[in-house]
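Read through the structure below, which is laid out as structure tokens, and then see the notes.
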Amino acid sequence: MSLGFVLAITGAALATILAGIGSAIGVGLGGQAAAGVVSEDPSKFAKVLILQLLPGTQGIYGLLVTFITLSQIGLLGGDKVALTTWQGCCFLGACLPIAIVGLISAIHQGKTSVASIGIVAKKPEQFGKAMLFPAMVETYAILALLISILSVTNIL
């Protein structure tokens, strides 16, 4: 196995691991707040559940970039590509946007979801407005996802 191949797999792994860690932390934060609200008013379950789940998307984005990367290098359904060290570095670098931004944005989206859950606890009719705050954080995860996908698919 070449160094280039190892670097590409490392990038793919980091995309899933870091974005997944961020999502786990973010969803956990939201879940703690949501549990408190539901213990007081079970009728708010659906609204707070949606807010809790929002930080989970970064983990999905990281997994998507991992699948695309593994497919590009032939590890999923195809012949393994002989990668140079430079190409491996390119794959590693291409996976970093969603890995790093996914980690950080999911944590901050979780914190924002906690605040939005607080809005829903006091004024459930403001759910639509409360959704906008964590959705704004999502924008940066989507931008990182796009950069990673465009980069990964144009290396070879």
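Being a predicted model, the structure only gives us computed values, none of them experimental.
Annotation: side chain of L92 is in contact with side chain of L14 (closest heavy-atom distance under 4.5 Å). Counting only heavy atoms from C-beta outward, the side chains of I21 and I25 approach each other to under 4.5 Å. Inter-residue side-chain proximity for L156 and L83 is flagged as met; some heavy-atom pair is nearer than 4.5 Å.
Of the inter-residue distances, the one linking T10 atom OG1 with F5 atom CZ reads 11.0 Å to the nearest 0.5 angstrom. Distance CD1/I117 to NZ/K122: 13.5 Å, rounded to 0.5 Å. Atom CZ of residue F91 and atom CD1 of residue I9 lie 11.0 Å apart, to the nearest 0.5 angstrom. Taking CE of M136 as the start and OH of Y140 as the end, the distance is 6.0 Å to the nearest 0.5 Å. One distance of note links SG of C95 with CD1 of I17; it measures 11.5 Å at 0.5 Å rounding. One distance of note links CG of N154 with SG of C90; it measures 11.5 Å at 0.5 Å rounding.
Tracing side-chain contacts under 4.5 Å through hydrophobic residues (I, L, V, M, F, W, Y), one never reaches L145 starting from I104; they form parts of separate clusters. V137 and I107 fall into different hydrophobic clusters, where Ile, Leu, Val, Met, Phe, Trp and Tyr are joined by side-chain heavy atoms under 4.5 Å apart, directly or via other members. Put simply, L103 and L96 are part of the same group of oily side chains (I, L, V, M, F, W, Y) that touch within less than 4.5 Å, one to the next. Under the 4.5 Å side-chain contact rule for hydrophobic residues, M131 and V37 share a cluster. By the rule that hydrophobic residues join a cluster once side-chain heavy atoms approach within less than 4.5 Å of another member, V48 and F133 end up as members of separate clusters.
Of all heavy-atom pairs spanning A15 and I98, the tightest one is CB-CG2, 4.0 Å. S23 and P55 make their closest contact through OG-O, 2.7 Å (heavy atoms, listed as atom of the first residue, atom of the second, distance). The shortest non-hydrogen separation linking A121 to K44 is O-NZ, 2.6 Å. The two residues V114 and L29 make their nearest non-hydrogen contact at CG2-O, 3.4 Å. Listed here is the closest heavy atom pair of A141 and Q58: CB-CG, 3.6 Å. Among all heavy-atom pairs drawn from A12 and T66, the shortest one is O-OG1, 2.6 Å.
Heavy atoms of other residues, nucleotides or ligands lying less than 6.0 angstrom from CZ of F67 number 12 at most. A 6.0 Å sphere centred on CD of E125 holds more than 12 heavy atoms belonging to other residues, nucleotides or ligands.
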Just list the side-chain donor-acceptor pairs under 3.5 Å for residues 68-76, sequence neighbours left out, or say none.
unit_1 : atom_1 : unit_2 : atom_2 : d
T69    : OG1    : V65    : O      : 2.8
Q72    : NE2    : V152   : O      : 3.4

Between Y61 and E138, is a side-chain hydrogen bond (donor to acceptor under 3.5 Å, both in side chains) present by the stated rule, with each step listed? CA-CA 11 Å; Y61 299 160; E138 183 82 18; 2.5 Å; yes

Under the criterion side-chain contact (heavy atoms from CB on, under 4.5 Å), I'd like the reasoning laid out for L51 against L54: C-alpha separation, chi angles, the key distance, then a yes or no. CA-CA 6 Å; L51 290 167; L54 286 175; 4.2 Å; yes

Mind running side-chain contact (heavy atoms from CB on, under 4.5 Å) on L64 and I149 for me, showing each step along the way? CA-CA 9 Å; L64 177 62; I149 288 174; 3.9 Å; yes

side-chain contact (heavy atoms from CB on, under 4.5 Å) assessment of V81 paired with Q87: CA-CA 10 Å; V81 177; Q87 289 171 321; 5.6 Å; no

Is there a side-chain contact (heavy atoms from CB on, under 4.5 Å) between L49 and L53 once you walk through the steps? CA-CA 6 Å; L49 179 65; L53 293 176; 4.0 Å; yes

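For K47, there are no salt bridge (charged side-chain N to carboxylate O under 4.0 Å, His left out) partners two or more places apart in sequence or in a different chain.
In this structure a side-chain-to-backbone donor-acceptor pair under 3.5 Å is missing from S151 to S148. Side-chain atoms of S113 do not come within 3.5 Å of backbone N or O of Q52 as any donor-acceptor pair. A side-chain donor-acceptor contact under 3.5 Å links S116 to the backbone of A130.
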